[in-house]
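Note: hydrogens, waters and symmetry copies are ignored here, and every other heavy atom, side chains too, is used. Chain letters run A, B, ... following the sequence lines, proteins first, then strands; residues in each count from 1.
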Number of protein chains: 2
Amino acid sequence: MTTAPPSPRVLPHPARDEIRLESVLHALSDPVRMRIVSELADAEAALSCSRFDLPVTKSTTTHHFRVLRESGVIQQVYEGTAKMNGLRREDLDALFPGLLNALLTASRRQTARGARA
Amino acid sequence: MTTAPPSPRVLPHPARDEIRLESVLHALSDPVRMRIVSELADAEAALSCSRFDLPVTKSTTTHHFRVLRESGVIQQVYEGTAKMNGLRREDLDALFPGLLNALLTASRRQTARGARA
DNA sequence: TCCGTACTACGATGGCTATCGTACGAGTCG
DNA sequence: CGACTCGTACGATAGCCATCGTAGTACGGA
């Protein structure tokens, strides 16, 4: 099992051309979700949900990941008990060139500028 | 009166360093508001509220403009009975380099791609 | 002064959403 | 099998928000 055959549990994702800018912006307008995306971008590899230390409960975490997936920002795949999350960089870059980078930079800058909140 | 002295009616704007990324993204996650910003960007000069032909009533229009102003995306100044609106390009570019352009490009692209909705 | 235009304020309303807790399903490991 | 971990589903709740209509204010021109 070098690359384990995916579980039957498959999650619905929007196709590339179904991704809407409004939905992406709405998804990223929540600080918790922006943080998730930020960490995901730094990681460069898929991360399981439990790798994030978020200031909300597990149910809320599930909710946020779903919003990100349904808006097309991330990709989710079951791997055993874990659910691996990856940024949909290619799709986003193809649809909205430069946007993801600008958003990540903006987020990092703001974090650096004022660590309050 | 080449440049009319501003009316005493002054509107509250966030200072540059009070502009929050989340608020900007939230403001722009509404199609109506994104459209306003898009037209404002094309105009290059300040426009009065009534220059926009939006699919909502006047009260709702007022609401959207206020959200844009309070999030720091636009600047509003009374000029007689009209309220002139301008993009806060300099502030946004200073805070979040490349973001505004990426957003405008993304919006234009999406509009071009599918004119549905 | 009177009227019209531009925009606002207020209140209502329906819908969305972030949050939680609890109970459950799916895998993994002993 | 049994226990443990990871994540989900469901229901509840409270707050926000896009929308509207109506009534009102501010300004400029006749």
Side-chain angles (χ1 to χ4, degrees), chain A residues 1 3-13 20 22-37 40 46-71 73-86 117, chain B residues 1 4-13 20 22-37 46-71 73-86 117:
Chain A
M1 301 81 168
T3 48
S7 306
R9 291 193 284 168
V10 180
L11 298 156
H13 290 76
R20 304 286 299 170
E22 314 88 78
S23 308
V24 171
L25 295 184
H26 171 249
L28 264 23
S29 70
D30 184 290
V32 175
R33 291 193 290 257
M34 179 54 101
R35 179 164 152 184
I36 291 173
V37 170
L40 229 35
L47 294 178
S48 73
C49 293
S50 55
R51 292 285 274 272
F52 296 83
D53 188 28
L54 301 172
V56 292
T57 63
K58 268 196 307 178
S59 349
T60 306
T61 300
T62 297
H63 164 69
H64 284 310
F65 274 104
R66 184 175 34 192
V67 172
L68 286 171
R69 170 170 47 83
E70 289 179 345
S71 67
V73 177
I74 68 170
Q75 197 181 4
Q76 296 193 294
V77 176
Y78 280 105
E79 205 146 308
T81 73
K83 191 152 87 173
M84 306 305 289
N85 306 277
Chain B
M1 301 82 165
S7 304
R9 291 194 283 169
V10 179
L11 297 156
H13 290 75
R20 305 285 300 168
E22 313 89 78
S23 308
V24 171
L25 295 184
H26 171 250
L28 264 23
S29 71
D30 185 290
V32 176
R33 291 193 290 256
M34 178 56 100
R35 178 164 152 185
I36 292 174
V37 170
L47 293 179
S48 73
C49 292
S50 54
R51 292 284 275 272
F52 296 83
D53 188 29
L54 302 173
V56 291
T57 63
K58 269 198 302 178
S59 351
T60 306
T61 300
T62 298
H63 164 68
H64 284 310
F65 274 104
R66 184 174 36 193
V67 171
L68 286 172
R69 170 169 48 82
E70 289 178 346
S71 66
V73 177
I74 68 170
Q75 196 180 5
Q76 296 192 295
V77 175
Y78 279 106
E79 206 146 309
T81 73
K83 190 152 86 173
M84 305 306 288
N85 306 278

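- When rounded to the nearest whole Å, the span between CZ of A:F52 and C1' of D:dG7 equals 14 Å.
- No engagement by A:T61 is indicated, since no non-hydrogen atom pair under 4.0 Å with the nucleic acid exists.
- Between B:V73 and B:A27, the shortest heavy-atom contact is CG2-CB, 4.5 Å.
- Comparing B:C49 and A:H64 against DNA chain C, the residue whose closest nucleotide sits nearer the 5' end is B:C49.
- Here B:T57 reaches the OP1 or OP2 of D:dC20: one of its side-chain N or O atoms lies under 4.0 Å away.
- Scanning both residues, B:L28 and B:M34, for their nearest heavy atoms gives O-CB, 3.8 Å.
- Checking D:dG21, C:dC7, D:dA18 against every side-chain atom of B:Y78, the shortest atom distance belongs to C:dC7.
- Nucleic acid contact for A:R33: sugar-phosphate only, since backbone atoms but no base atoms lie under 4.0 Å from a heavy atom of the residue.
- One atom, CD1 of A:I36, and another, P of C:dA18, lie 11 Å apart when rounded to the nearest Å.
- Listed here is the closest heavy atom pair of A:H64 and A:I36: CB-CD1, 4.3 Å.
- Taking the side chain of A:V56 as heavy atoms from C-beta on, and the options C:dA18, D:dC20, C:dC20, the nearest nucleotide is C:dC20.
- Between the side chain of B:S59 and the base of D:dG21, at least one donor-acceptor pair of N or O atoms lies under 3.5 Å.
- In this structure, A:D53 atom CG and D:dC6 atom P are separated by 13 Å, rounded to whole Å.
- Here C:dA18 presents its C1' atom at 15 Å from CZ of A:F65, a figure rounded to the nearest Å.
- The CD-P distance, from A:E22 to C:dC16, rounds to 16 Å in whole Å.
- Heavy-atom minimum distance, A:D53 versus A:R35: O-NH2, 2.7 Å.
- Look at CZ on A:R9: it is 14 Å from P on D:dC6, rounded to the nearest Å.
- Side-chain proximity of B:H26 to the nucleotides D:dA9, D:dA26, D:dC17 is greatest for D:dC17.
- Rounded to whole angstrom, the span from the CG atom of A:L11 across to the P atom of D:dC6 amounts to 18 Å.
- Set against C:dA9, D:dA9, D:dG28, the side chain of A:R66 has D:dA9 as its closest nucleotide.
- One interatomic measurement links the two molecules: CG of A:L25 to C1' of D:dC17, which rounds to 17 Å at whole-angstrom precision.
- For the 3.5 Å distance criterion, the side chains of A:T62 and A:S59 fail to qualify, holding no donor opposite an acceptor.
- With C:dG21, D:dC17, C:dC7 as the candidates, the nucleotide lying closest to the side chain of B:H63 is D:dC17.
- The nearest heavy atom of DNA chain C to A:T81 and to A:V67 marks one nucleotide each, and the one closer to the 5' end goes with A:V67.
- Proximity of B:T62 to the phosphate of C:dC7: no side-chain N or O atom is located under 4.0 Å from OP1 or OP2.
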